[in-house]
Amino acid sequence: MSSPASEFLRTIIDRGFMHQCTDTQALDAKAAAGPVVGYIGFDCTAPSLHVGSMVPIMLLRHMQQCGHKPIVLMGGGTTKVGDPSFRDEARPLLDDEAIAANKASIRKVFSRYLSFGDGDTDAVMVDNDEWLSELLYIPFLRTVGRHFSVNRMLSMDSVKSRLAREQPLSFLEFNYMIIQAYDFVELQRRFGCTLQMGGSDQWGNIVHGVELGRRLVDVPLFGLTTPLITTASGAKMGKTAKGAVWLDAGMCSPWDFWQFWRNTEDGDVGRFLRLFTDLAIADIVRLESLEGSEINEAKKVLANEATRLCHGEDEARRCAATARSTFEKGEASRGLPVTTLPEARLDEGLVAFEAFQLAGLAKTRSDARRLIRGGGARLNDTVISDEFLKITRADLKDGAVKLSAGRKRHALIVPGS
RNA sequence: GGAGGGAUGCCUGAGCGGUUAAAAGGGACGGGCUGUAAACCCGUUGGCUAUGCCUACGGUGGUUCGAAUCCACCUCCCUCCA
């Protein structure tokens, strides 16, 4: 189908969100006819979502902006089971307390991207623990379990490699796809939800839900997946030196977040602008036509827009300003991570390698010493070669000592109490 | 319950009595080249104010001058049989 009738499908296809759909034409017709209720599930396996989850989040956002109703399903119940899809080993089991804590922490981010409320197209958030924890085993097996073929489940791509490698797949995990399928049906009953979306790794789970819906409630359900986002050079997207790029400011500072987008590979800029910002396609087309070092302008726009959505306008501006002074003017700046140090320590002189460790630029002292030996350490923008160099008051510039590890990682040490 | 196989550094994976802080690859970090990109080349990659000391090859004991390597027991995993 070349030109979808619905604004929703047109938007997500144009912006690169569409990977697979159970019935594109029928879904298009339905979306064109009126509001569709659709959901995406987020398990509570970590205290925050990371940029990998931004594709589904942005998908919900576009859905809402096109006049439909998004449901954020917190996987408080499914997290107790653990999705085995495309994983070579079981996830560590989290206890209820950890799941509850993760859930509380994760739910905060959605208010940045969606508008919640009671209206027709307001987003709602529910937790599948509400109905999953109350299930009775035998009745569940009889009403739901009988619609699933073990033969078919074993042939799913999502568990094939686990089985092929003869890695253990516990019965607990094996239930995940059934539970997720049941979620879909439950959301249909409760909210009239007819669309489940998710990453491409969720395709099998989603299809099971669609089929279960046909058998249990006789309502046509739809499934839609987004592509797995990799970088132009083939790596998984969303990792940096410090690990995953989290959406929670406490786990990944806005500065690191901004830097992550700023460091996007050339070949990814256009695609990322479509996926991770609200900019109009026409603007994106203009930005991605830039060549050579001009692409850096497009990367700044990407960083600003993505940061604005996640952390707000003020943070985005601050990061952009910090980047300008740090990289374009080469001066120390307030936006850099700051470590305070008792004045007395400066008076007696702080050994260089210790300073780098303290500022978080090196994991251990040995690591810091290697950094200095390798010529990657700078003090106020001057390369230092002596690991034992004493940093003192005399090194303060504008009230701070600026340390750098490599070209990109900078930190300030300021005297204090 | 029985018979085999396995557990090594961030990951994969060699080693099978000393010269092994442990090959090789990946990843990561640093340097060079650049545009805060990619690719490529080089270096580093357990800790410690350090020509040395300490901690490490699933756990605990043992054999030995000496163990990741041999033995015993334990834990966990895999395969096959019941």
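Per chain, numbering begins at 1; letters A, B, ... match sequence-line order. Everything quoted here is computed from the prediction, not taken from an experiment.
A straight line from CG of Leu302(A) to P of rU36(B) spans 17 Å, rounded to a whole angstrom. Arg373(A) places its CZ atom 12 Å from the C1' atom of rU51(B), with the value rounded to the nearest Å. Whole-Å rounding puts the Asn296(A) CG to rG35(B) P distance at 9 Å. Distance CD1 (Ile372(A)) to P (rC29(B)): 18 Å, rounded to an integer number of Å. Rounded to an integer number of Å, the gap from CG of Asp367(A) to P of rG43(B) is 19 Å. One interatomic measurement links the two molecules: CZ of Phe356(A) to C1' of rG30(B), which rounds to 12 Å at whole-angstrom precision. Taking atom CD of residue Glu297(A) and atom P of nucleotide rA37(B), one finds them 15 Å apart after rounding to whole Å. Rounded to whole Å, the distance from CZ on Arg365(A) to P on rC29(B) is 24 Å.
In summary, Lys103(A) and Asp129(A) do not engage in a salt bridge, as defined by a charged side-chain N under 4.0 Å from a carboxylate O. Between Glu343(A) and Arg393(A) there is a salt bridge, since at least one side-chain N of the basic residue sits less than 4.0 Å from a carboxylate O of the acidic one. In this structure, Glu313(A) pairs ionically with Arg317(A), as a charged nitrogen and a carboxylate oxygen lie closer than 4.0 Å.
Pairing partner, rA38(B): none, since no Watson-Crick or wobble contact has both distances short of 3.5 Å. Nucleotide rA21(B) has no partner under the Watson-Crick or G-U criteria, as no pair reaches both atom distances under 3.5 Å. Across all strands shown, nothing is found opposite rC16(B) as a Watson-Crick or G-U wobble partner with both distances under 3.5 Å. Using N1 to N3 plus N6-O4 or O6-N4 for Watson-Crick, or N1-O2 and O6-N3 for G-U wobble, each under 3.5 Å, rC53(B) pairs with rG47(B). Under the Watson-Crick or G-U wobble criterion, with both distances below 3.5 Å, rA7(B) is paired with rU75(B).
Ring to ring, His50(A) and Phe257(A) are not that close: their centroids are 6.0 angstrom or more apart.
Note that Arg369(A) lies in the cation-pi zone of Phe353(A), set by a 6.0 Å cut-off to the ring centre and a 45° limit from the axis.
Within the nucleic acid shown, Gly292(A) comes within 4.0 Å of at least one base atom, counting heavy atoms only. Contact annotation for Val269(A): no contact, since no heavy-atom pair falls under 4.0 Å across all strands.
Note on Thr364(A): a side-chain N or O is less than 4.0 Å away from OP1 or OP2 of rC48(B). Close to rC48(B), at under 4.0 Å from its OP1 or OP2, lies no side-chain N or O of Lys363(A). When the side-chain nitrogen and oxygen atoms of Arg324(A) are compared with OP1 and OP2 of rU36(B), none of them lie within a distance under 4.0 Å. Side-chain N/O atoms of Arg407(A) include none lying less than 4.0 angstrom from OP1 or OP2 on rC33(B).
Among the nucleotides rG47(B), rA37(B), rC29(B), the one closest to the side chain of Ser366(A) is rG47(B). The side chain of Glu265(A) lies closest to rA37(B) when the candidates are rU36(B), rA37(B), rG35(B). Nearest nucleotide to the side chain of Asp266(A), out of rG35(B), rU49(B), rA50(B): rG35(B). Distances were taken from every side-chain heavy atom of Asn263(A) (C-beta onward) to each of rA50(B), rG30(B), rU36(B); the shortest belongs to rU36(B).
Across the C1' atoms, rG32(B) and rA24(B) are found 26 Å apart, a figure rounded to whole Å. For the C1' atoms, the distance from rA22(B) to rG13(B) is 13 Å, rounded to whole Å. Annotation: rU34(B) and rC40(B) have their C1' atoms spaced 12 Å apart (nearest Å). Separating the P atom of rA23(B) from that of rU44(B) is a span of 13 Å, rounded to the nearest Å.
With hydrogens and angles left out, the side-chain atoms of Asn128(A) and Thr78(A) include a donor and acceptor closer than 3.5 Å.
Ile12(A) is listed as a side-chain neighbour of Leu224(A), based on a closest heavy-atom distance under 4.5 Å.
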